[in-house]
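Notes follow once the structure below has been shown.
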Amino acid sequence: CKALSSSPPCFFSFSAKDMKHRLGFLLQKSDSCDYGSSHGKKEKLSSSQRLSQEEVRKWAESLENLIHHDRGLAAFRAFLKSEYSEENIEFWVSCEEYKKTKSPAKLSPKARKIYDEFISVQATKEVNLDSCTREKTSHNMLEPTLSCFDEAQRKIFTLMEKDSYRRFLKSPYYLDLVSPPGAGCGPENCKRNHTHSLDCNSNIISQCA
């Protein structure tokens, strides 16, 4: 498949159906990918770039498996955006990135940015935290450390695990990816529109770099 546009995909301007369509292209079956080299050569996807049905099924074993897999995270994020509830996964991802901060001088400004965006009273993407956790996190802002968002992050993870993750596993965002190979295109497995789903006869789902 041809390389996608260099600009990052923006899901906010699309309907839920359009976002599914876009996700289908991102995770589309492909044997090769055009990396846009000066010679226009197409290179075979390496085994590490291929996504097997077994990997997709592991996403249903735990939320941990899903969001620690790059393409699993992309699929879950697209699903949450379709429900207008993407702030939870964005907060979780921000916390993961924050914990990788190596410079002590950068801790405070990074922590304040996350706090202002997701936790403060006027947060643009406020997450659903209980008052006790919110107060404790606010106190942590006085002297930010790598663990200052740990409790809030755990609470949001649990919230997603009990709520949106379960809905995701029942949604076309997941079901279209995990349809068993060779199941054919009967009413149960392939009644969804194939213009935005993956090839249901394929054993491999892959993403273009």
Side-chain angles (χ1 to χ4, degrees), residues 3-14 19 22-23 25-27 33 35-37 45-46 48-49 51 55 58-59 61-165 168 173 207-209:
L4 297 177
S5 169
S6 59
S7 60
C10 178
F11 292 95
F12 291 99
S13 60
F14 293 91
M19 284 187 283
R22 197 173 184 88
L23 179 63
F25 279 112
L26 288 174
L27 299 176
C33 196
Y35 292 98
S37 66
L45 286 171
S46 67
S48 64
Q49 290 174 305
L51 181 63
E55 286 180 283
K58 284 183 179 179
W59 298 351
E61 293 177 4
S62 70
L63 177 58
E64 197 81 31
N65 286 351
L66 174 66
I67 61 181
H68 280 97
H69 190 290
D70 288 345
R71 277 166 277 182
L73 177 61
F76 188 51
R77 189 195 294 262
F79 167 72
L80 292 179
K81 285 185 176 181
S82 76
E83 293 196 332
Y84 303 98
S85 60
E86 67 272 18
E87 67 278 356
N88 288 331
I89 192 62
E90 289 185 3
F91 172 67
W92 184 89
V93 170
S94 294
C95 290
E96 287 295 289
E97 293 175 350
Y98 173 78
K99 287 187 286 188
K100 297 175 184 177
T101 303
K102 295 182 179 180
S103 171
K106 293 181 179 180
L107 286 178
S108 184
K110 283 187 175 184
R112 176 54 58 179
K113 184 175 184 297
I114 293 174
Y115 180 83
D116 289 344
E117 187 173 7
F118 299 102
I119 299 176
S120 71
V121 177
Q122 297 180 332
T124 55
K125 300 178 182 178
E126 186 178 357
V127 292
N128 187 14
L129 292 172
D130 60 89
S131 58
C132 182
T133 302
R134 191 179 300 274
E135 184 178 343
K136 182 176 180 179
T137 306
S138 297
H139 180 74
N140 290 342
M141 290 300 97
L142 297 175
E143 293 183 27
T145 64
L146 289 177
S147 61
C148 66
F149 293 111
D150 282 3
E151 184 172 344
Q153 187 184 20
R154 281 194 298 269
K155 291 292 179 69
I156 294 303
F157 179 91
T158 300
L159 180 64
M160 292 191 294
E161 188 176 41
K162 293 181 177 180
D163 185 27
S164 51
Y165 172 59
F168 169 78
Y173 285 84
Q207 178 184 34
C208 287

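- The two residues Phe76 and Ser164 come nearest to each other via the heavy atoms CZ-OG, 3.7 Å.
- Here the shortest heavy-atom pairing between Thr101 and Leu146 reads O-CD2, 3.6 Å.
- Contact of the Leu73 side chain with the Val93 side chain is registered, since non-hydrogen atoms from C-beta on lie closer than 4.5 Å.
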Quiz item: Given Thr158 and Lys162, is the side-chain contact (heavy atoms from CB on, under 4.5 Å) satisfied, shown in steps?
Solution: CA-CA 6 Å; Thr158 300; Lys162 293 181 177 180; 3.7 Å; yes
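- Residue Glu64 places its CD atom among more than 12 non-hydrogen atoms of other residues, nucleotides or ligands, all under 6.0 Å distant.
- To the nearest 0.5 angstrom, Asn65 atom CG is 10.5 Å from Glu55 atom CD.
- Counting only residues at least two apart or on different chains, the salt bridge (Lys or Arg N to Asp or Glu O under 4.0 Å) pairs with a member in residues 98-110 are Glu96-Lys99.
- Using a distance-only test at 3.5 Å, with no hydrogens or angles considered, no donor-acceptor pair links the side chain of Ser147 to the main chain of Asp150.
- Distance NZ/Lys81 to CD/Glu90: 6.0 Å, rounded to 0.5 Å.
- Considering all non-hydrogen atoms of both residues, Thr145 and Tyr98 come closest at O-OH, 2.9 Å.
- The shortest heavy-atom contact between Asn88 and Asn128 is OD1-N, 4.4 Å.
- Ala152 and Thr137 get closest at one heavy-atom pair: CB-OG1, 3.8 Å.
- Here Lys125 pairs with Glu117 in a salt bridge; the nearest charged N to carboxylate O distance falls below 4.0 Å.
- Atom CZ of residue Phe118 and atom OG1 of residue Thr124 lie 7.0 Å apart, to the nearest 0.5 angstrom.
- Going from atom CG of Leu159 over to atom CZ of Phe91 covers 11.5 Å, rounded to the nearest 0.5 Å.
- Residues passing the salt bridge (charged side-chain N to carboxylate O under 4.0 Å, His left out) test with Glu87: none are found, sequence neighbours excluded.
- Partners of Asp163 under the side chain to side chain donor-acceptor pair (under 3.5 Å) rule, at least two apart in sequence or in another chain, are Arg167.
- Ring orientation note: the planes of Trp92 and Phe157 are tilted relative to one another, at an angle of 30° to 60°.
- Asp130 pairs by the side-chain contact (heavy atoms from CB on, under 4.5 Å) definition with Cys132, Thr133, Lys155, not counting sequence neighbours.
- Here CZ of Arg134 is found 8.5 Å from OG of Ser120. Values are rounded to the nearest 0.5 Å.
- Taking the salt bridge (charged side-chain N to carboxylate O under 4.0 Å, His left out) definition, one finds that Lys58 meets it with nothing, sequence neighbours left out.
- Nearest heavy-atom pair, Ala111 versus Pro144, reported as atom, atom and distance to 0.1 Å: CB-CB, 3.8 Å.
- By the ring-ring contact (aromatic ring centres under 6.0 Å, His included) test, Tyr115 pairs with no residue at all, sequence neighbours left out.
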Quiz item: Between Ser82 and Tyr173, does a side-chain contact (heavy atoms from CB on, under 4.5 Å) hold up when you go through it step by step?
Solution: CA-CA 10 Å; Ser82 76; Tyr173 285 84; 3.2 Å; yes
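- No donor-acceptor distance shorter than 3.5 angstrom exists from the side chain of Arg77 to the backbone of Glu86, with no hydrogens or angles considered.
- In this structure, CD1 in Ile119 is found 6.5 Å from CE in Met141, a value given to the nearest 0.5 Å.
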